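These figures come from a predicted structure and were not determined experimentally.
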Amino acid sequence: MFLQGSALVYLKGPKFLIYVSGALSMWGDRMWHFAISVFLIELYGHNLLLTAVFGLVVAGSVLLFGALIGDWVDRNPRNKVAHASLFIQNTSVTVCSIVLMLVFSYKQRIEQIWDGWLTVVCYTVVIILADVANLASTALTIAIQRDWIVVITGYNRGHLAGMNATMRRIDQVTNILAPLAVGQVMTLASNVVGCGFILGWNLLSLIVEFFFLSRVYRIVPALSVKPPTDEDDQVCFKKKIRRGNRGQGLVGQPQALTEGNCNLSVHSKDITNVPLCFRRFRWLVSTCKDGWMAYYHQPVFLAGMGLAFLYTTVLGFDCITTGYAYTQGISGSLLSLLMGVSAVAGLMGTIMFTRLRKTYGLINTGIISSCLHLGCLLFCVCSVFAPGSPVDLSLLMPYFTYNSSAEPGGMASQSQKHTYPLTGGNNQPLLPDRSSIHWTNNTVLFDNVPPGTAPESYISIILLFLGVITARIGLWSFDLTVTQLLQETICESERGVVNGVQSSMNYLMDLLHFIMVISAPQPEHFGILVIISVLFITTGHTMYFMYAYKAKRKHRLDT
């Protein structure tokens with residue numbers, strides 16, 4: 001009876017409700033991110049252009065509006081932020097799914113209206129709605145996973161580490177299962193049915209998440225207020241009030257004249273003749289500037305930048321790495337198996353994080369995780385020069401490439417033996433036409449491997465995936481370390497805006513890795529991308545080491 005009562009209390013508690021709500025949200029996000037990429041390729045005649053445009057719009061919007069989103073999270077009550085973000089996200093996905101269903105059902109008719117311009121309008125509407133959904137998802141993630149969890153755990157570091165690790169495990173599992181589920185629906189039925197499935201899921205998820213988050217807000221009284229908790233928070237809180245007062249003054253709203261804002265009021269009188277739209281734009285720019293400055297002045301700035309640098313890499317299970325694996329003779333079924341092993345490695349990283357933090361402390365956990373991550377990535381560096389590697393160093397050694405290309409047995413001709421011929425010219429993307437692609441699990445798996453073109457050796461590709469898979473243990477442990485440092489170090493009044501800027505930095509560095517691939521899209525250049533990726537990751541971990549040194553030195557001086 002006692003165990004049953006304890007289980008019932010846990011099931012009704014805030015932690016379990018947050019886990020269920022987070023699982024539903026993550027499942028919907030993973031399904032939608034996978035499906036929208038496939039839908040855009042289907043709509044544009046199996047071409048990657050719309051997908052590339054969508055990726056650029058999403059990354060650019062978070063980069064521009066990340067600070068504004070975080071500032072909005074800071075300035076408003078927690079329940080309103082969560083409910084508004086949840087409603088906007090699910091509504092945008094629902095409307096976008098309806099538009100896609102109409103386009104797929106009446107595509108030929110739509111293409112004949114307005115000389116085809118209605119099709120362009122539909123594409124634009126789909127991308128805008130999907131981008132709005134992503135921005136709302138970013139706001140919800142900042143609110144729940146960067147703020148609510150800290151308050152729910154009562155600022156207990158051990159409990160906070162446990163909740164962070166559990167949320168990351170949920171994310172790892174949904175990253176595998178959710179795209180697979182919606183992919184099966186789209187394969188067995190149709191794209192229209194797939195859109196309907198996502199639509200129904202979002203409507204159901206909206207109701208359940210809304211109810212669960214409201215329940216958590218009611219049973220955790222601390223969520224209803226955002227008070228400063230210590231002297232540092234009071235300083236940040238005062239800065240936040242001044243920033244909010246400045247924003248109100250710029251939009252022409254009346255405010256009391258006090259000692260703290262008298263200068264601002266005088267300044268407001270000088271700009272009353274400026275049109276309202278310009279005043280609002282000036283306030284938006286000022287808010288973004290304040291957000292980036294607040295991020296820069298955080299004690300954990302170097303650790304956050306170190307995490308952002310880890311996004312500039314091709315060493316992950318995305319369409320780029322799996323596309324390269326296809327050129328090296330790896331089948332789709334084997335890639336699916338490797339994806340599962342990678343997920344297990346990620347789960348091991350979350351378990352390692354909780355144990356290391358309890359034994360060695362949070363900062364030392366980040367150091368150990370960084371060393372493990374870099375050590376495993378050495379396998380990837382070795383794969384560039386191992387037998388079977390198609391690497392072509394012509395970008396680095398133009399003189400030798402010129403001489404070798406003139407000889408039948410030169411470097412360029414040798415590298416051709418290890419790669420599958422891809423259709424198109426030299427400037428074509430790494431991925432071939434979608435007719436030979438099987439979409440599953442947010443990756444691109446190629447089933448039609450050309451016969452008789454196996455590489456001379458599989459040592460290179462084995463070393464590459466050995467490094468990628470084992471590195472995820474240290475990667476996710478390091479990610480959780482920096483996440484908790486951000487949660488513990490940032491004062492409550494600036495928690496949203498700083499995490500918004502952190503999201504912007506992550507997207508900015510992620511954009512760089514796509515630019516890298518566009519600059520060197522051929523399999524012969526993949527080895528160069530691996531080396532560049534390791535250099536970026538090393539730079540990121542070096543930044544964390546600098547942060548750890550400063551933090552420990554400050555701790556010794558204080559004691």
Side-chain angles (χ1 to χ4, degrees), residues 6-36 69 73 76-98 100-101 129-130 132-153 162-186 193-224 442:
S6 300
L8 187 61
V9 170
Y10 177 77
L11 293 178
K12 292 183 178 180
K15 288 186 179 181
F16 179 77
L17 295 178
I18 285 292
Y19 292 152
V20 176
S21 177
L24 292 174
S25 179
M26 293 174 191
W27 187 281
D29 283 346
R30 297 301 185 182
M31 286 199 308
W32 176 245
H33 289 162
F34 168 78
I36 188 64
I69 292 174
V73 172
N76 292 275
R78 289 186 172 96
N79 61 334
K80 292 184 178 180
V81 169
H83 293 162
S85 302
L86 185 63
F87 180 78
I88 294 173
Q89 177 192 10
N90 287 273
T91 302
S92 300
V93 173
T94 300
V95 176
C96 190
S97 298
I98 295 175
L100 286 170
M101 293 173 68
L129 288 173
V132 171
N134 184 73
L135 291 175
S137 176
T138 301
L140 186 63
T141 300
I142 293 174
I144 302 300
Q145 298 186 27
R146 301 295 184 267
D147 185 30
W148 282 45
I149 288 180
V150 181
V151 179
I152 290 172
T153 57
M163 285 200 71
N164 285 332
T166 302
M167 293 294 288
R168 188 52 50 86
R169 290 165 194 158
I170 295 173
D171 182 60
Q172 289 290 301
V173 173
T174 54
N175 189 30
I176 299 297
L177 299 180
L180 184 61
V182 71
Q184 292 300 316
V185 172
M186 294 163 55
V193 175
C195 291
F197 179 73
I198 294 175
L199 187 153
W201 177 273
N202 276 272
L203 292 178
L204 179 62
S205 176
L206 173 62
I207 298 173
V208 176
E209 289 183 66
F210 191 93
F211 174 77
F212 280 11
L213 292 179
S214 299
R215 172 70 177 170
V216 172
Y217 188 79
R218 287 196 303 269
I219 63 181
V220 181
L223 290 172
S224 60
N442 205 26

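- To the nearest 0.5 Å, the span separating CD1 on I198 from CG on N90 amounts to 12.0 Å.
- Closest of all the heavy-atom pairs between T174 and A23 is CG2-O, 4.2 Å.
- Annotation for A139 and V73: closest pair O-CG2, 4.1 Å, computed over non-hydrogen atoms.
- One distance of note links CG of L86 with OG of S21; it measures 7.0 Å at 0.5 Å rounding.
- Distance check: L140 CG to R146 CZ gives 11.5 Å after rounding to the nearest 0.5 Å.
- Atom CG of L24 sits about 15.0 Å away from atom OH of Y19, to the nearest 0.5 Å.
- Closest approach of F197 and V182 over heavy atoms only: CD2-CG2, 4.3 Å.
- Using a 4.5 Å heavy-atom threshold, the side chains of W27 and S205 count as separate.
- For the side-chain hydrogen bond (donor to acceptor under 3.5 Å, both in side chains) with Q89, the qualifying choice from D29, T94, T138 is D29, the only one to do so.
- Closest of all the heavy-atom pairs between V216 and P14 is CG2-O, 3.9 Å.
- In terms of heavy atoms, S25 sits closest to E209 at CB-OE1, 3.3 Å.
- Residue H83 forms a ring-ring contact (aromatic ring centres under 6.0 Å, His included) with just one option from Y217, F212, F210, and that option is F210.
- A distance-only check finds a donor-acceptor pair linking the side chain of T153 to the backbone of I149 [under 3.5 Å].
- For the pair T166/K15, no side-chain contact is recorded, criterion being any heavy-atom separation below 4.5 Å from C-beta on.
- Atoms CZ and CG, from R30 and L180 in turn, are 14.0 Å apart once rounded to the nearest 0.5 Å.
- The heavy-atom pair separating A133 from V93 by the smallest distance is CB-CG2, 3.7 Å.
- The distance from atom CD1 of I69 to atom CG of L135, rounded to the nearest 0.5 Å, is 4.5 Å.
- Results of the side chain to side chain contact (heavy atoms under 4.5 Å, CB included) test with L213 over V208, L17, L223, I18 single out I18 as the only residue that passes.
- Here the side chain of S85 pairs no donor or acceptor atom with the backbone of A82 at under 3.5 angstrom.
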